[in-house]
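This report concerns only the one structure given below.
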Amino acid sequence: MAGARPLLYRSVLLEGRMLATVSSATLLGVDGHPVSVEVHVSNGLPAFTVVGLPDASCREARDRVRAAILSSGLDWPNKRITVNLAPSALRKAGSGLDLPIALALLVADEQLPAEATSDCGFFGELGLDGSVRPVPGTLALAAACVGHAVVVPAASVVEAGLIRRLRVWPATTLRAVAAALRGDEDWPATPAPGDHAVDPGGGPPDLADVRGQPVGRLAVEVAAAGGHHLLLSGPPGAGKTMLAERLPGLLPPLATDEAIEVARIHSAAGLALPHGVLVRRPPFRAPHHSASMVSLIGGGSATMRPGELSCAHHGVLFLDELAEFPPAVLDALRQPLEQGWVQVSRARATVRFPASVLLVAAMNPCPCGADGSPGSCRCPEATLHRYASRVSGPLLDRFDLRVPVDRPEVSELLPGAGGGGSGGESTAVVSARVRAARRLAEQRGVIANADIPGSSLDGLAPLEAAAVRLLELRLRQGRLSARGLHRVRRVARTVADLAGHEGPVAADHVRTALALRAELRGDPPTGDGWDLVGPNGPEAARNVPR
């Protein structure tokens, strides 16, 4: 680079003491923070000290760096070496600082020119043989590095290339990096990242595979169109998981900035990213019901990592067997579902994780999994009470859609049993309606109708007089809370959008929204509007009032 170099990147020789600084970054949550790796080499008893709040893996860098330098055919200075990781108030975690420590040491020992590392960031773990290995959080680390270029492990080149403002160079071994910085060898060419709208492993499962379940299919369509949280309740084998797994395929593809944000979160969580592609399919995460609060919400003691909630950002978080999750873990979801983010506070740091998800849950009506027929449940009354109390009322109130799912009829499952046995509409057909409803929401200034502020409902989702009277009745009966009222109005707006109705929300749309908000602790509802979305045919969406 022409012109004077900043003092930050110079190696300074003072009375036999050499000082060098290299730019790098460390990961905290899903964000990268710039780190200046300062190495001071002076005469004295040989020693290697790392300061600046390093964790155990950072302190162990002294052994990896020494072995890597010697294995690369470079000279190890038998002097007093002090490594400072600035700023000192920020705790450094992980092994990603190995490569910048080694390069700063080589610069301080005059084995590399000081200007070679200027205006460039470095990170990567060193193997004892001098190889450079990838570390979690490549996207966040690359974005946080100071300079116009970044040197990353070769396996992470495509991922770092998503940061368009940076020039990315691959690092395979410490010896190759040193040779490229000296100008003895050229940097290898770096491939450009691809852009795939679907998963490299194939498309999502098709909604046409679901036989029967017109009400469940409608609920999934409404959830995708409006971004409404969905709870499915029914006996084992009714098709709850099949419906949930097909919901991501109904969602619109992620925008570029959303796809990059999702990739950044998955990278910080240590999840494997598809090689060479930017996946635009919304993520689908389905943690087991034995998941701990930290694994679901995020956090940790030594390293603050995003949990399953954040890994499902801009996608679907599916909690199967909802009542089997620990109640404390479920209640921890209440605030993030409202705010779209979760703030985890620990003694060492406070981190905010993104958590804008579409929550889909499934549960059995009771521990024995009764199918709802008379006398089928074998659970004692006390067992039923304990089972129902595992999901708190405030969490249930945050589900816009609560739908009972019964087992399909035999004629719907077998073609030769007196019925057609054919599937319903395909994912492609339903997703077209979902995208049309989402476009109407965007015209209102929101991503989906679930994001409409309560203060804007009167303007964006006005009600006809009959719809007002219906909601007033439910409020006076105590069957709706204030939060539930807003959620029903948003769902009714989505139902109207799917029906192509752009005027004030009609009473029929409100009835459908109320019917999709069933009381799952008792029998399926038979009151207002249930016949509007009942099993009148394989395509329940066609029965939505126009």
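This one's a predicted model, so the numbers in the text were calculated from it and none came from an experiment.
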*Side chains of S310 and R305: does their closest heavy-atom pair fall under 4.5 Å?*
no

*Would you say the side-chain atoms of D206 and T427 include a donor-acceptor pair closer than 3.5 Å?*
yes

*Close side-chain approach of C311 and L271, heavy atoms under 4.5 Å*: yes

_Euclidean distance, L473 CG relative to L514 CG, rounded to 0.5 Å_ = 9.5 Å

*State whether a side-chain donor-acceptor pair under 3.5 Å links R438 with N449.*
no

*How long is the gap from CZ on R435 to CZ on R433, to the nearest 0.5 Å?*
11.5 Å

_Contact check, side chains of F123 and P153, non-hydrogen atoms, under 4.5 Å_ = yes

*Which atom pair, heavy atoms only, marks the closest approach of P252 to P282?*
O-CG, 3.6 Å

_Close side-chain approach of R246 and V210, heavy atoms under 4.5 Å_ = yes

_Minimal non-hydrogen separation, G147 against L166, with atom names_ = O-CD2, 3.6 Å

*Any idea which heavy atoms bring D400 and A450 closest together, and the distance?*
OD2-CB, 4.5 Å

*Might you point out which heavy atoms bring P134 and A155 nearest each other, and give the distance in Å?*
CG-CB, 4.1 Å

*With sequence neighbours left out, what residues match E472 under side-chain contact (heavy atoms from CB on, under 4.5 Å)?*
R476

_For a quick test of reading the model, state the closest non-hydrogen atom pair linking A499 to H509 and the distance between them._
CB-NE2, 4.5 Å

*How far does CG of L27 sit from CE of M304, to the nearest 0.5 angstrom?*
11.0 Å

_Determine whether R217 and L207 satisfy the following criterion, side chain to side chain contact (heavy atoms under 4.5 Å, CB included), listing intermediate values before the conclusion._
CA-CA 8 Å; R217 290 170 58 90; L207 190 61; 3.5 Å; yes

_Under 3.5 Å side-chain donor-acceptor pair for S356 and H314_ = no

Throw together a table of side-chain donor-acceptor distances under 3.5 angstrom for residues 235-245, partners on residues two or more places apart or in other chains.
unit_1 : atom_1 : unit_2 : atom_2 : d
K240   : NZ     : G234   : O      : 3.0
K240   : NZ     : P235   : O      : 3.0
T241   : OG1    : D320   : OD2    : 3.2

*asked:* Run L470 and R511 through side chain to side chain contact (heavy atoms under 4.5 Å, CB included) and show every step you take.
replied: CA-CA 8 Å; L470 179 58; R511 287 193 186 95; 3.4 Å; yes

*If you round to the nearest 0.5 Å, how far is CG of L231 from CG of L401?*
9.5 Å

*Could you please spell out the steps behind the side chain to side chain contact (heavy atoms under 4.5 Å, CB included) verdict for R517 and D397?*
CA-CA 9 Å; R517 191 179 173 84; D397 201 40; 2.7 Å; yes

*Taking C-beta and beyond as the side chain, do V429 and S426 meet within less than 4.5 Å on heavy atoms?*
yes

*Note, V30 side chain near P354 side chain (heavy atom, < 4.5 Å)*: yes

*Considering non-hydrogen atoms only, spot the tightest contact between I297 and F353 and give its length.*
O-CD1, 4.3 Å

*Report yes or no: do S267 and E159 form a side-chain donor-acceptor pair below 3.5 Å?*
yes

*Less than 4.0 Å between a side-chain N and a carboxylate O, is that true for R489 and D458?*
yes

*E324 and S290, any side-chain heavy atoms less than 4.5 Å apart*: no

_So does L475 get a backbone contact from the side chain of R479, meaning a donor-acceptor N/O pair under 3.5 Å?_
no

*Between R439 and E502, is there a salt bridge with N-O shorter than 4.0 Å?*
no

*State whether a side-chain donor-acceptor pair under 3.5 Å links T256 with R280.*
yes

_Is the ring pair F399/H229 parallel, tilted or perpendicular, if the boundaries are 30 and 60 degrees?_
perpendicular

*asked:* Are there over 12 heavy-atom neighbours, none belonging to R444, within less than 6.0 Å of that residue's CZ?
replied: yes

*How long is the gap from CE on M363 to CG on L319, to the nearest 0.5 Å?*
12.0 Å

*Mark yes or no for whether R493, through its side chain, and A461, through its backbone, hold a donor-acceptor pair below 3.5 Å.*
no

*asked:* Once side chain to side chain donor-acceptor pair (under 3.5 Å) is applied, do any residues pair with D451, and if so which ones, sequence neighbours excluded?
replied: none

*To the nearest 0.5 Å, what is the distance between NE2 (H148) and CZ (R165)?*
8.5 Å

*Is R402 reaching over with its side chain to a backbone N or O of L396, donor-acceptor style, under 3.5 angstrom?*
yes

